[in-house]
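Worksheet: one structure, shown below.
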Amino acid sequence: MEAVLAVVDTIPAGRVLSYGDIAVLLEDGGPRQVGAVLSRWSRDNPWWRVVRASGLPPQGYAREALVHYLAEGTPLRGTPAGDGHDWRVDLKACRWVPDDAAFELLDALRDTLHAAKMSVPADGIES
DNA sequence: AGGATGACATTAC
DNA sequence: GGTAATGCCATCC
């Protein structure tokens, strides 16, 4: 959750990440959860930097995202004419690759998630 | 606690 | 490369 927001916030401008990528990076398992979390907690987060595996922005918010993309200078494909749904983010060119520092951040995030999930009692990890 | 929904992904046709 | 069907985990009612 928060980790997702943290990762999204970590994504540099002009760069995008797919829901699945974030899910994998955080090891949280579900791409839908990333979207679900964003839908509820994303208010001051660069949610537009999170796109689908198709390179298409959130459905229903494509226009809003397009504005941000133009502002960020994100490489787009096709032609964003007018409302334009014929366009698409150049995922191949904008796919953000976590740096070493980002990797450490992701590691910390995963640790946080792990700690949060550790609230499970009656665990047979001890003898 | 149970059922339905969701800003998605992946496989199959 | 498209559309259709199924699975995912969490949140909402």
Side-chain angles (χ1 to χ4, degrees):
Chain A
M1 321 98 77
E2 311 174 0
V4 178
L5 295 178
V7 176
V8 174
D9 187 68
T10 312
I11 303 175
R15 218 59 69 102
V16 296
L17 226 65
S18 66
Y19 294 92
D21 286 347
I22 295 180
V24 174
L25 288 173
L26 292 177
E27 210 176 67
D28 83 334
R32 299 196 68 161
Q33 282 51 274
V34 181
V37 168
L38 284 171
S39 66
R40 326 235 158 274
W41 273 298
S42 105
R43 22 186 167 208
D44 303 298
N45 299 77
W47 53 267
W48 54 87
R49 287 180 193 159
V50 185
V51 299
R52 297 199 276 180
S54 326
L56 200 80
Q59 188 144 88
Y61 294 82
R63 196 181 57 125
E64 299 295 306
L66 177 59
V67 180
H68 290 289
Y69 293 146
L70 295 176
E72 297 289 312
T74 307
L76 300 177
R77 259 200 189 206
T79 29
D83 289 334
H85 353 31
D86 296 326
W87 60 277
R88 184 178 318 199
V89 180
D90 197 340
L91 196 59
K92 310 195 321 300
C94 306
R95 193 120 83 104
W96 175 57
V97 292
D99 304 337
D100 293 332
F103 260 97
E104 293 189 51
L105 176 66
L106 293 172
D107 185 57
L109 262 37
R110 288 188 294 188
D111 182 64
T112 305
L113 292 175
H114 192 271
K117 290 181 180 177
M118 205 141 87
S119 310
V120 184
D123 195 271
I125 191 175
E126 8 183 327
S127 32

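Values below: every heavy atom of this structure, side chains too, minus hydrogens, waters and symmetry copies. Per chain, numbering begins at 1; letters A, B, ... match sequence-line order.
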In whole Å, what is the span from the [atom1] atom of [X] to the [atom2] atom of [N]?
| X | N | atom1 | atom2 | answer |
| --- | --- | --- | --- | --- |
| Leu5(A) | dT11(C) | CG | P | 12 Å |
| Tyr61(A) | dC8(B) | OH | P | 11 Å |
| Trp41(A) | dT11(C) | CH2 | C1' | 8 Å |
| Trp47(A) | dC8(B) | CH2 | P | 12 Å |
| Gln33(A) | dG6(B) | CD | P | 14 Å |
| Arg49(A) | dA7(B) | CZ | P | 21 Å |
| Arg40(A) | dA7(B) | CZ | C1' | 9 Å |
| Leu56(A) | dG2(C) | CG | P | 10 Å |

Can you list the residues that meet the salt bridge (Lys or Arg N to Asp or Glu O under 4.0 Å) rule with Asp90(A), with sequence neighbours excluded?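 Result, salt bridge (Lys or Arg N to Asp or Glu O under 4.0 Å) vs Asp90(A): Arg77(A), Lys92(A).
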Who pairs with Asp100(A) by salt bridge (Lys or Arg N to Asp or Glu O under 4.0 Å), at least two apart in sequence or on another chain?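 Residues passing salt bridge (Lys or Arg N to Asp or Glu O under 4.0 Å) with Asp100(A): none at all.
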Listing, residues 10-21 of chain A side-chain donor-acceptor contacts under 3.5 Å, not counting sequence neighbours, or none:
{"from": "Thr10(A)", "atom 1": "OG1", "to": "Ala6(A)", "atom 2": "O", "distance (Å)": "2.5"}
{"from": "Ser18(A)", "atom 1": "OG", "to": "Asp21(A)", "atom 2": "N", "distance (Å)": "3.1"}
{"from": "Ser18(A)", "atom 1": "OG", "to": "Asp21(A)", "atom 2": "OD1", "distance (Å)": "3.2"}
{"from": "Ser18(A)", "atom 1": "OG", "to": "Asp21(A)", "atom 2": "OD2", "distance (Å)": "2.8"}
{"from": "Asp21(A)", "atom 1": "OD1", "to": "Arg95(A)", "atom 2": "NH1", "distance (Å)": "3.2"}
{"from": "Asp21(A)", "atom 1": "OD2", "to": "Arg95(A)", "atom 2": "NH1", "distance (Å)": "2.8"}

Going by side-chain contact (heavy atoms from CB on, under 4.5 Å), name the residues that satisfy it together with Tyr61(A), two or more places apart in sequence or in a different chain.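 Residues passing side-chain contact (heavy atoms from CB on, under 4.5 Å) with Tyr61(A): Trp47(A), Pro58(A).
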Produce the list of close N/O pairs, under 3.5 Å, pairing protein atoms with atoms of nucleotides 9-13 of chain B; give distances to one decimal.
{"from": "dA9(B)", "atom 1": "OP1", "to": "Ala53(A)", "atom 2": "N", "distance (Å)": "2.7"}
{"from": "dA9(B)", "atom 1": "OP2", "to": "Ala53(A)", "atom 2": "N", "distance (Å)": "3.1"}

Hey, could you give me each pair passing salt bridge (Lys or Arg N to Asp or Glu O under 4.0 Å) that has a residue in residues 65-74 of chain A? Not counting sequence neighbours. Arg49(A)-Glu72(A)
Does Val34(A) belong to the same Ile/Leu/Val/Met/Phe/Trp/Tyr cluster as Val24(A), with side-chain heavy atoms less than 4.5 Å apart forming each link?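 No, Val34(A) and Val24(A) fall in different hydrophobic clusters.
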